[in-house]
Each structure stands twice: as structure tokens, then as C-alpha cells.
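Notes for the one structure printed next.
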Amino acid sequence: MVLLAAFVLIESRTSQPIIPLRLFASRNRSGIYALGVAMMGSLIGMFFFLTLFFQNVLAYSPLKTGLAFLPLSVSIIIVSGVMMQLIPKIGQRLPLVAGTVLITAALLWLSAISADSAYLSDLLGPMLLYGFGAGMVFMPMTMVGVSGVEMRDTGAASGLLNATQQMGGSLSLAVIITVYGAATSDATGGAAHVLAKGASAGFLVAAAITIVALACVVLLVRPVAEDAAAGMMPGADAGGEAESGLTADGSASAPSAEKLE
């Protein structure tokens with residue numbers, strides 16, 4: 001905490017900060033950063049526990065374990081492609097909210113895991129649901145995270161978005177594993193039962209993290225530019241107008257009185 005406070009103090013005083021603190025002044029980006037932390041944290045946690053379950057309970061080989069995750073990956077890719085076509089029509093906020101809800105539902109579904117859970121009947125469904133939700137979130141999350149920044153901050157905004165996701169994976173996994181240890185400290189029964197009990201507690205914590213992220217998205221994220229082109233346009237100010245003279249909806253802005261003079 002001391003090092004973090006020192007870093008913030010230094011960044012606030014230097015003329016060329018690594019992370020311009022002004023990036024956090026935007027409600028949209030702050031909400032997206034919270035979502036990025038939760039998204040990657042829940043994803044890493046899910047991969048961690050399901051890998052252990054596949055190999056130690058279902059006796060899958062490493063190759064078969066990798067193939068078991070293939071439907072999840074394919075669903076993310078397909079839905080992300082669909083979102084690229086839909087966002088110009090439906091905007092960015094709807095898929096962000098709906099996708100986070102699906103992710104939370106998938107994690108709650110996975111929390112019902114037990115030593116008797118089977119891949120097709122008990123695990124494939126929530127994995128696909130998670131993939132649908134993640135596919136809905138990834139594209140608009142990136143668009144909102146890098147939109148509306150000054151030209152000089154575009155690289156920092158993109159890097160910060162990636163950094164929050166990486167940080168979320170590390171921090172959330174540490175929290176989830178701590179909960180796993182506490183949940184299994186007095187567990188009885190076979191190894192499969194202990195693993196399932198701990199994984200269930202871990203999925204519940206991951207779901208709680210995504211619920212907090214959902215609240216951040218609902219309360220903070222209000223994208224002004226509802227179409228993809230405007231959402232990705234660098235140099236747009238907080239009000240949604242870009243330096244090129246186009247408004248957030250893509251129409252030409254009226255010349256100012258100062259320019260007319």
C-alpha cells in the first residue's frame with residue numbers, strides 16, 4: 001500500500017506520467033477498469049478450478065482437458081464477431097450489462113459443482129453461458145476503455161486497460177484460492193469431494209466479484225458515442241465530440257463563433 005501510494009504521488013507530480021491519473025476522471029473508463037479486473041479474475045479462476053476438476057476428478061488427460069475448454073473459446077470468438085455487427089445498432093452499454101449478467105449466472109451455475117458432476121450434463125452448459133457473456137463484453141469493454149481520450153493518452157489508455165485485466169487475474173485468483181483453502185480446511189471425504197467443495201466456494205466468490213463489477217457498469221458506464229466508429233475515435237472529449245468536428249452521433253458539429261470570426 002505504501003508503494004502504491006508513492007506511485008500515485010509521483011505520477012500526479014511528473015510532467016510525463018506512465019499512467020496519467022486524468023484517465024480515471026472519466027466515469028466510463030473507471031467502470032470499465034473495474035469490469036476488466038472482474039472479468040479476467042473470474043476467467044482465470046474458472047480455468048484454474050475446472051482444470052483441476054477435469055484432471056483430478058474426471059481423470060482427463062492434459063490434451064482432453066484442453067479440448068474440454070474448446071467450446072468456451074469458440075463461443076467467445078463467435079459472439080465477439082456478432083457483437084462487432086450489432087454494436088453500431090444497439091450501442092455499447094446493453095451488451096456490457098447483459099454480458100456481465102450472463103457471466104455472473106454462469107459462475108453461480110458452476111458453484112453447484114460436486115464430486116458427481118459430469119462434463120456434458122453439469123459443466124458444458126455454464127461454460128457456454130460464460131462464453132456467450134464474455135463474447136458480449138470484450139468488444140464494447142475495449143471500445144469504451146479507449147474512447148474519449150486525448151490523442152496523447154491513447155497508448156496509456158490502452159495499456160491501462162490491459163494492465164487492469166492482468167492485475168485482476170492475479171489478485172482475484174489469490175483471493176479465490178484463499179477462500180478455497182478456508183472452505184476445505186475442515187472438509188471430510190475423498191479428494192474429489194474436497195476439491196468440489198472448495199471449487200464451489202471459489203465460484204461463489206468469483207460471482208460476487210462480477211456482481212460488484214456489474215454494479216459499476218450500471219452506475220458508471222454511460223457511453224456517449226453509441227456507434228462503433230465514434231466510440232473508437234481518439235481525441236474525443238468528455239462530451240463526446242472529436243477533434244475532427246464530428247459529434248458523438250457522427251453528424252457534423254456547427255462551427256463555433258470563434259472560428260467564424
Side-chain angles (χ1 to χ4, degrees), residues 34-79 98-138 165-217:
L35 178 59
V37 169
M39 272 283 301
M40 191 55 63
S42 65
L43 182 62
I44 296 298
M46 181 178 63
F47 272 109
F48 178 80
F49 285 122
L50 288 182
T51 298
L52 291 177
F53 190 86
F54 288 156
Q55 295 191 354
N56 295 305
V57 178
L58 300 183
Y60 284 4
S61 66
L63 176 59
K64 191 173 182 179
T65 297
L67 293 175
F69 283 111
L70 190 58
L72 169 64
S73 302
V74 171
S75 63
I76 293 177
I77 294 172
I78 292 176
V79 176
T100 308
V101 169
L102 292 182
I103 289 171
T104 303
L107 293 170
L108 291 174
W109 190 352
L110 282 170
S111 69
I113 192 172
S114 69
D116 298 323
S117 295
Y119 176 74
L120 290 177
S121 60
D122 302 304
L123 302 178
L124 181 59
M127 289 172 64
L128 288 174
L129 186 63
Y130 190 102
F132 293 155
M136 294 177 68
V137 165
F138 277 132
Q165 294 180 45
Q166 297 303 318
M167 181 181 67
S170 302
L171 293 178
S172 298
L173 185 60
V175 171
I176 291 171
I177 291 179
T178 300
V179 172
Y180 171 90
T184 58
S185 59
D186 58 350
T188 58
H193 175 76
V194 173
L195 176 59
K197 181 179 179 181
S200 176
F203 287 129
L204 284 175
V205 172
I209 294 174
T210 58
I211 289 175
V212 174
L214 176 61
C216 291
V217 171

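This is a predicted model, so every value here is computed, not measured. Count residues from 1 along the sequence.
You'll find the side chain of Met40 stays beyond 4.5 Å of the side chain of Ser172, heavy atoms only. Here the side chains of Ile113 and Phe49 are not in contact, with every heavy-atom distance at 4.5 Å or above. Contact annotation: the side chain of Phe203 never approaches that of Ile176 to less than 4.5 Å [non-hydrogen atoms, C-beta and beyond]. A heavy-atom distance below 4.5 Å is not found between the side chains of Tyr60 and Leu67.
Looking at every heavy atom in both residues, Ala183 comes nearest to Ala201 through CB-CB, 3.7 Å. Of all non-hydrogen atoms in Gly133 and Leu102, the two that sit nearest each other are CA-CB, 3.8 Å. Nearest heavy atoms, Ala112 versus Ser117: O-OG, 4.4 Å. Ser114 approaches Ala196 most closely through the heavy-atom pair C-CB, 3.5 Å. The two atoms that bring Asp116 and Asp122 nearest to each other are O-OD2, 4.2 Å, heavy atoms only. The shortest heavy-atom contact between Ala34 and Ala213 is O-CB, 4.1 Å.
To the nearest 0.5 Å, the span separating CG on Leu128 from CH2 on Trp109 amounts to 8.5 Å. Here the OG-CG distance, from Ser200 to Leu204, works out to 5.0 Å after rounding to the nearest 0.5 Å. Between Leu129 atom CG and Leu110 atom CG the span is 9.0 Å, to the nearest 0.5 Å. Separation of atoms CG (Leu58) and NZ (Lys64) is listed at 8.0 Å; rounding is to 0.5 Å. From Met46, atom CE reaches atom OG1 of Thr51 across 9.5 Å, with rounding to the nearest 0.5 Å. Rounding to the nearest 0.5 Å gives a distance of 12.5 Å between CD1 of Ile103 and CZ of Phe132.
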- [ ] Please assess Tyr180 against Leu195 for the test side-chain contact (heavy atoms from CB on, under 4.5 Å), listing each intermediate value before the final yes or no.
- [x] CA-CA 9 Å; Tyr180 171 90; Leu195 176 59; 3.6 Å; yes
- [ ] Would you sort out whether Val194 and Lys197 count as a side-chain contact (heavy atoms from CB on, under 4.5 Å), showing the intermediate values?
- [x] CA-CA 5 Å; Val194 173; Lys197 181 179 179 181; 5.9 Å; no
Task: side-chain contact (heavy atoms from CB on, under 4.5 Å) between Tyr119 and Met127, intermediate numbers included - done: CA-CA 10 Å; Tyr119 176 74; Met127 289 172 64; 4.1 Å; yes
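A donor-acceptor pair under 3.5 Å is absent between the side-chain atoms of Ser170 and the main chain of Met167, judged by distance alone. Judged by distance alone, the side chain of Tyr130 and the main-chain N or O of Leu43 form a donor-acceptor pair under 3.5 Å.
Tested against Met39 for a side chain to side chain contact (heavy atoms under 4.5 Å, CB included), the candidates Ile44, Ile209, Val137 yield a single pass: Val137.
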